[in-house]
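We use all heavy atoms of the structure for the numbers below, so side chains are in, but hydrogens, waters and symmetry mates are not. So you know, we letter chains A, B, ... as the sequences are listed, proteins then strands, and number each from 1.
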Amino acid sequence: MSEEKLPTRAENYSEWYNTLVQRAELADYAPVRGCMVVRPYGWALWENIQSALDRRFKATGHVNAAFPLFIPMSFLEKEKEHVEGFSPELAVVTIGGGETLEEPLVVRPTSETIIGHMYSKWIKSYRDLPVLINQWANVVRWEMRTRLFLRTLEFYWQEGHTAHATAAEAEEETIRMLNQYADFAINDAAVPVIRGRKSTTEKFAGAQHSYTIEAMMGDTRALQSGTSHNLGQNFAKAFEIRFLDESNTLQYCWTTSWGLSTRFVGAIIMTHGDDQGLVLPPRLAPIQLVIVPIYRNDEEKSAVLPVVEQVKGLLSEFRVKVDDRTEVTPGFKFNDWEMRGVPLRLEIGPKDVEKHSVMAARRDIPGKPGKSILSMENLAAQIGSLLDEVQAGLLTKATRFRDEHIFEPRDYGHLKEVVQNGWAYAWWCGSADCEAKIKEETKATTRCIPLDQEGGKGKCIYCGQPADEKVYFARAY
RNA sequence: CGGGGUGUAGCGCAGUUGGUAGCGCACCGUGUUUGGGACGCGGGGGUCGGCGGUUCGAGUCCGCCCACCCCGACCA
């Protein structure tokens with residue numbers, strides 16, 4: 001049960017986040033540092049994210065499989081950049097069954113290597129391609145600083161791994177899945193995202209290049225919310241993933257990988273949440289609608305409860321919860337479900353029973369303005385359109401917030417200023433040196449080089465050299 | 001790993017010059033309440049982070065250790 005007020009976002013954003021995650025019962029701290037327990041409500045949200053994504057993966061021809069948690073250490077070492085990128089954060093098992101292992105086993109930080117190993121066994125001919133496999137899994141990365149959902153030692157995700165006959169097909173796949181992520185984020189989670197390419201410094205260790213969807217959180221910091229990597233032939237060469245083409249020539253495959261994790265739960269919290277608590281997008285909310293019965297005595301109770309049941313029956317197409325707790329007052333329930341982010345609340349009391357109506361309150365519009373009286377006629381249709389309005393409203397609001405906090409700085413001094421409370425969209429010459437200097441001086445990193453560029457030429461915001469592309473700079477999670 | 005902080009009931013905290021542990025919330029029982037975070041009465045719950053030391057006596061003083069949180073270098 002929840003105590004009273006949350007810390008406000010303005011007061012202390014990170015405390016607001018931490019308190020909310022726990023109070024809304026999304027997750028809790030595990031006894032191991034940096035690990036989290038995803039509680040039923042949080043997991044239900046994740047399951048809805050999973051099914052929204054899985055649907056898209058299936059629709060684009062992918063199948064699910066499961067690969068082992070343990071990876072031989074030597075596999076990690078086969079791709080030079082990959083091992084350099086991941087070795088600092090590996091958890092390694094050296095003892096099994098009381099015996100020191102012949103070869104240490106890495107707890108997977110990601111599965112390119114072990115999947116690459118299997119692909120080299122499975123792929124012999126161009127007829128075997130493409131291979132389009134996804135897995136839902138947990139992975140472990142030994143991070144220094146952790147935050148619930150945003151960065152934990154162990155997290156849950158999906159990782160897609162594909163192999164193709166040509167570079168063009170691999171690139172097409174990489175972009176296709178990036179677009180699936182963007183579509184999911186925007187249309188199901190109401191999280192507006194910018195699709196873009198990562199700079200060389202920011203890309204995945206071992207990738208030829210990486211793409212990302214970047215979202216702006218309520219404190220204007222950026223969150224990398226999903227990534228798609230074109231691995232080129234790097235892993236194919238390291239793991240001998242080869243096929244015979246139509247003309248009987250042995251060729252290396254072109255592979256991709258793409259992932260989206262429980263971090264996205266954090267994205268939803270920080271995109272939509274307000275000082276009352278969570279605000280969940282109707283398409284993903286574990287509970288879309290809560291019904292709070294209201295009565296003062298047994299007489300009213302016996303009039304109200306049957307109507308509550310009747311309404312619940314009418315709304316069977318939605319995820320409905322009836323809050324029939326007797327130990328707390330309706331007022332408490334209102335606050336409680338608002339804190340938990342339920343998009344819509346129905347109040348049913350004696351007055352409603354009498355008038356054959358119900359009182360509806362939208363989570364995204366606090367107080368009286370968000371309330372409306374619905375007649376019992378076509379109730380399901382009315383609820384359906386209210387939920388659609390909430391869904392659309394969240395996206396509009398989040399998009400407006402983001403756009404209001406994206407600036408095109410005049411010069412470097414101006415950039416320094418705007419990244420304190422927003423993103424800077426500026427020309428960049430592409431040099432890792434300028435990128436590093438900017439990071440050092442402002443804490444802002446390049447988030448992505450957006451795919452949708454208006455073109456033209458400019459001068460690097462830092463060094464003034466000619467630049468072909470504009471990039472987003474922001475402080476990031 | 002560096003800097004800062006905190007460990008006392010599930011959570012948040014108090015605990016005086018050392019004298020054997022308390023408050024609020026939550027929890028259990030009960031009655032009155034119930035359209036925006038109800039109230040009364042009665043209860044249960046603690047190896048005071050761990051180990052050692054000083055002392056007749058340690059939550060309190062001393063030493064060592066451990067854990068967690070916050071801020072930095074790495075990351076989905």
In the strands shown, is [N] matched to any nucleotide by a Watson-Crick or G-U wobble pair with both distances under 3.5 Å, and which?
| N | value |
| --- | --- |
| B:rG40 | B:rU30 |
| B:rA67 | B:rU6 |
| B:rU55 | none |

Expressed in angstrom and rounded to an integer, what is the separation of [X] atom [atom1] from [N] atom [atom2]?
| X | N | atom1 | atom2 | result |
| --- | --- | --- | --- | --- |
| A:Trp142 | B:rA73 | CH2 | C1' | 19 Å |
| A:Lys368 | B:rG36 | NZ | P | 9 Å |
| A:Tyr29 | B:rG10 | OH | P | 19 Å |
| A:Lys203 | B:rC74 | NZ | P | 16 Å |
| A:Ile213 | B:rA76 | CD1 | C1' | 11 Å |
| A:Tyr477 | B:rC74 | OH | P | 18 Å |
| A:His82 | B:rC74 | NE2 | C1' | 16 Å |
| A:Glu327 | B:rG37 | CD | C1' | 14 Å |

For [X], report the nucleic acid contact type (base, sugar-phosphate, nothing); a contact means any heavy atom under 4.0 Å.
| X | result |
| --- | --- |
| A:Phe264 | nothing |
| A:Glu347 | base |
| A:Lys351 | base |
| A:Glu300 | nothing |
| A:Gly349 | base |
| A:Leu150 | base |
| A:Thr152 | base |
| A:Lys439 | sugar-phosphate |

**Study point:** Ionic contact status for A:Glu202 with A:Lys439, cut-off 4.0 Å
**Key:** no
Check your understanding: So, are A:Asp183 and A:Arg56 salt-bridged, with charged N and O less than 4.0 Å apart?
Key -> yes
Revision key, fill the gap. Assign each of A:Lys443 and A:Tyr295 the nucleotide of RNA chain B bearing its closest heavy atom; nearer the 5' end lies the nucleotide of A:Tyr295
Practice item. Select from A:Trp157 and A:Pro350 the residue whose nearest nucleotide in RNA chain B is closer to the 5' end of that strand. Key: A:Pro350
Check your understanding: Can you find a side chain N or O atom of A:Thr227 that sits less than 4.0 Å from OP1 or OP2 on B:rA76?
Key -> no
Practice item. Tell me whether the OP1 or OP2 atom of B:rC70 has a side-chain N or O from A:Asn18 closer than 4.0 Å. Key: yes
**Study point:** Within 45° cone of A:Trp157 ring axis and under 6.0 Å: A:Arg141 NZ or CZ
**Key:** yes
Check your understanding: Do A:Arg345's NZ or CZ and the ring of A:Phe334 fall within the cation-pi criteria of under 6.0 Å and 45°?
Key -> yes
Consider the side chain of [X], meaning its heavy atoms from C-beta on, and name the nucleotide among [options] that approaches it most closely.
| X | options | value |
| --- | --- | --- |
| A:Gln224 | B:rA73, B:rA76, B:rG35 | B:rA76 |
| A:Glu143 | B:rG36, B:rC74, B:rG35 | B:rC74 |
| A:Ser261 | B:rG35, B:rC75, B:rA76 | B:rA76 |
| A:Arg141 | B:rA38, B:rC75, B:rU34 | B:rC75 |

Point to revise | Check: A:Lys198 main-chain N/O paired with A:Thr212 side-chain donor or acceptor under 3.5 Å | key: no
Point to revise | Donor-acceptor pair (no angle test) under 3.5 Å: A:Asp352 side chain, B:rG35 base | key: yes
Practice item. Any chance you could lay out the side-chain contact (heavy atoms from CB on, under 4.5 Å) test for A:Gln310 and A:Met376, step after step, and finish with the verdict? Key: CA-CA 10 Å; A:Gln310 184 198 341; A:Met376 296 284 268; 4.0 Å; yes
